[in-house]
Protein chains: 2
Amino acid sequence: MPSHKKSSILDAATRLFASKGFTQTSIQDIARLAGSAEGTIFYHYKSKEELLVAVLDNLRADLAQCFQGHLAPGASSPGFPAVEDAIAFYFHLASIKEYYFLLLQNHHLHELARENPACREQLEAIYTIILGFFESAILKGQQDGSLHTPNPGKTALLLFTMVDGLVRLRAYNLYEPGALFADLIEACGKILNRRNPEIRKPKAAP
Amino acid sequence: MPSHKKSSILDAATRLFASKGFTQTSIQDIARLAGSAEGTIFYHYKSKEELLVAVLDNLRADLAQCFQGHLAPGASSPGFPAVEDAIAFYFHLASIKEYYFLLLQNHHLHELARENPACREQLEAIYTIILGFFESAILKGQQDGSLHTPNPGKTALLLFTMVDGLVRLRAYNLYEPGALFADLIEACGKILNRRNPEIRKPKAAP
DNA sequence: TTGACATCTGACTGAGCACTCACTATAGGA
DNA sequence: TCCTATAGTGAGTGCTCAGTCAGATGTCAA
């Protein structure tokens, strides 16, 4: 079984890397938040960089579980458009687990992925999961006839950049939270060539 | 007149802050690239942070000039849709001055803006300029009747997040450069309610 | 030539950093 | 009880960093 300290170190590192950035976070910061000694961190993880990879691994597993739970049969509202539902869910997720998405937008992370294979693999797996989630929502919409979208893969990427962009705008307080949500959903509907022009309001705007 | 060393320091700092990030860039790095001594940097700028603000100031002025040059009468192709033209130009700019846009996406920058008023002012001015550029293109499109877009301000923000997102994808090599450009232009057209369905190819895809 | 000023230099400093290591604590099997 | 392995500790180490400072150099007017 995993030790209590180890998981609290992982948790502290996740939040600090997301909020302050990898470089700005010191081992001392992590130890303080986790309630452990600095040495304990290096007992469980060889280096600060390996700790980051462990954080990514944990993030990926949790994200996969969240998406899987949402895609499970019966989990999504029946009759509710799959894509709007997916986007609303993604926004909901980005709201309750904002630190995950802030972490993924860290510049240093992508620098590191260039030279650290373990880091690159984790990052690629995470993007595959997220894009796969959008893509499967588009495919579902095509099957029930509500969408006509020629290239689901590329369109999923476009949706991702939009939603991710809004997450960033919210994090930096560049606009009032929630004010753009309805516009975003509407814009996505247009991109996806919705057959049914009236857009139903999603249940929860963040 | 401004000294030669001072401007080469500013230039070196701009490129290094963009490519490595603010925290990862040391004064030694900047001095080496600028061909000056470390002391010279602190002769011209009180601190590393003040140097960053100077970089932003320079970026803002240059960006404003670029946009102004493009919006000048006669500069845009007559008859060419204003919004597609604007997006293509923004992409072109993001291609030849990629480091500007990478710098703006730096997480630490937005952290700093929260506590440093000078930094915050510069950042706000820069976003005002960029969003104003998109908004004026939308308004132009509405005047010539090619667009029907209810809320230019919000739509400009959505366009910005999309284009900025693609810049980031390209920088991190998450997709082949240029492969999504046509799709992006098409998606923007849909968001903007283009009256004329056929989209003309822009002159230069990056 | 002299003095005053702006520009520029690089050795230096103290603080903070990631990481090490000798050590203690605890728990279970023999 | 002793032995061993796992978990955890925090002072110490060597290095890098932003920022300082005393002085060198260049320039130009008096």
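Here the structure is a predicted model, which means the values were calculated and not measured. Here is the naming used below: chain letters follow the sequence lines, and residue numbers restart at 1 for every chain.
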Between atom [atom1] in [X] and atom [atom2] in [N], what is the gap in whole Å?
| X | N | atom1 | atom2 | answer |
| --- | --- | --- | --- | --- |
| A:Tyr45 | C:dA18 | OH | P | 16 Å |
| B:Ile27 | C:dA11 | CD1 | P | 17 Å |
| B:Lys6 | C:dT9 | NZ | C1' | 18 Å |
| B:Phe17 | D:dA18 | CZ | C1' | 12 Å |
| B:Leu51 | D:dG19 | CG | C1' | 13 Å |

Identify which nucleotide among [options] has an atom closest to any side-chain atom of [X], counting heavy atoms from C-beta outward.
| X | options | value |
| --- | --- | --- |
| A:Ser36 | C:dC19, D:dA18, D:dT9 | D:dT9 |
| A:Phe42 | C:dA18, D:dA7, D:dT9 | C:dA18 |
| A:Ser47 | D:dG19, D:dT9, C:dC19 | C:dC19 |

Checklist entry - Do side-chain atoms of B:Lys48 reach the backbone of B:Phe22 as a donor and acceptor pair under 3.5 angstrom? => result yes
Checklist entry - So what does A:Ser26 touch, heavy atoms closer than 4.0 Å: a base, only the sugar-phosphate, or nothing? => result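 Touches sugar-phosphate only.
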Next on the checklist: Under 4.0 Å, counting only non-hydrogen atoms across every strand here, what does A:Thr23 touch: a base, just sugar-phosphate, or nothing?
Outcome noted: nothing
So, OP1 or OP2 of [N]: does either fall under 4.0 Å of a side-chain N or O from [X]?
| X | N | result |
| --- | --- | --- |
| A:Ser3 | D:dG8 | yes |
| A:His44 | D:dT6 | no |
| B:Gln28 | D:dA18 | no |
| A:Lys5 | D:dA7 | no |

Checklist entry - Which of parallel (below 30°), tilted (30 to 60°) and perpendicular (above 60°) describes B:Phe67 and B:Tyr90? => result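 It falls in the parallel class, under 30°.
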Next on the checklist: Ignoring hydrogens and geometry beyond distance, is a side-chain donor-acceptor pair present between A:Asp164 and A:Thr161 at under 3.5 Å?
Outcome noted: no
Next on the checklist: Under a 3.5 Å cutoff, is there a donor and acceptor pairing between the side chains of A:Thr14 and A:Asp11?
Outcome noted: no
Next on the checklist: Among A:Glu111, A:Glu121, A:Glu49, exactly one meets side chain to side chain donor-acceptor pair (under 3.5 Å) together with A:Asn116. Which residue is that?
Outcome noted: A:Glu49
Next on the checklist: Using heavy-atom distances to pick each residue's nearest nucleotide on DNA chain D, tell me which of A:Gly39 and A:Tyr43 is more 5'.
Outcome noted: A:Tyr43
